[in-house]
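What follows is a set of notes on a single structure, which appears directly below.
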Amino acid sequence: MEKLIITVATTGAMTTKENTPYLATAPQEIAEEVYLAYQAGASVAHIHVRTDEGKATMDLKKFEETVGLVREKCDIIINMTSSGGLGFSDEERILPHEVLKPDMGTFDAGSMNFYDGIFINSPEFLRKLGRAYLANGIKPEVEVFDAGMIWNAKRLMKEGILQAPVHFQCCLHVAGGMEGTPKNLLRLVEDLPEGSTWSAFGCGASALALSTMAIHMGGHVRVGMEDNVYLNKNELAVHNYEFIERIQRLAKEFRREVANVEEARKILSLPPRK
Ligand code: ZN
């Protein structure tokens, strides 16, 4: 089996300081959490940024500062969000990628209800985003929240907007998408185009079971406070690396070696760091 890539998602758009006082929101805090996770074995950092007030944003300056600080500390693979939350314009969502050229960027392969809002990823937006990624050498991480999104991705592959081998992130237990059950993860993975790589996470209480399945099935995992703030029932994680340490323990039990950054780059068909 391929070595295991661990992605850390420290911040996201939906988690608040009310959910956990330990949430990293300032660029320095996010960079420090990413670095600690990297030291614990994460090879990819999925990055969101917040305003000074802690609100979700696609502000270029915040991305510039955060990514700059992370790059100073370590060579972790940078995977920037292209949604940033709900309601940002197509231009706001694409600009930080064109300027900062991260290794990877998220590509949400369809529209859906998202908690109490609507997450819009129109066909027109997806084509624009895909072309921007191709033009800037950014590998898409195709996020699928529902089975139909894999079919969308397959059609975009035929158009050349997405190019094989595609990397998928199975995003489960997001209200509006698929429930975080073992059956649903199996259902998604069965449908992926041959030769794809994939990772998975489940929000909230489904996180641990889905990580365990992904490790066992040959997928990769994403953990962090974007998806789940509890290390155990009624016990908040203080740092994101605590989730990485648990994945390390599980991977060891499943005889699955964990990939370092260089190995993760090979698995994801990324070029060596620019
Ligand atoms: Zn995200």
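All heavy atoms count here, side chains included; hydrogens, waters and symmetry mates do not. For ligands, and for the atoms within them, numbers begin at 1 and follow the listed sequence. Given the structure is predicted, the values throughout are model-derived calculations rather than measurements. FYI, the numbering just counts along the sequence from 1.
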Could you pull out all donor-acceptor pairs under 3.5 Å where a side-chain atom in residues 170-178 meets a protein atom, sequence neighbours excluded?
from: H173; atom 1: ND1; to: G180; atom 2: N; distance (Å): 2.8

(request) Please examine the side chains of V49 and E65, heavy atoms only from C-beta on, and report whether any two atoms are closer than 4.5 Å. (result) no

(message) With ring pair (Phe, Tyr, Trp, His ring centres under 6.0 Å) as the rule and sequence neighbours excluded, what pairs involving residues 61-106 come up?
(response) H97-Y133

(request) Hey, can you tell me if H216 and F254 have their rings parallel, tilted or perpendicular (30° and 60° cut-offs)? (result) tilted

(request) Identify which protein N/O/S atoms are less than 2.8 Å from the Zn ion (ligand 1). (result) H46 NE2, H48 NE2, E226 OE2

(request) Would you mind listing every ring pair (Phe, Tyr, Trp, His ring centres under 6.0 Å) that reaches into residues 25-46, with sequence neighbours excluded? (result) H46-H48

(request) Please check if the side chain of E98 supplies one atom and the backbone of L95 the other of a donor-acceptor pair under 3.5 Å. (result) no

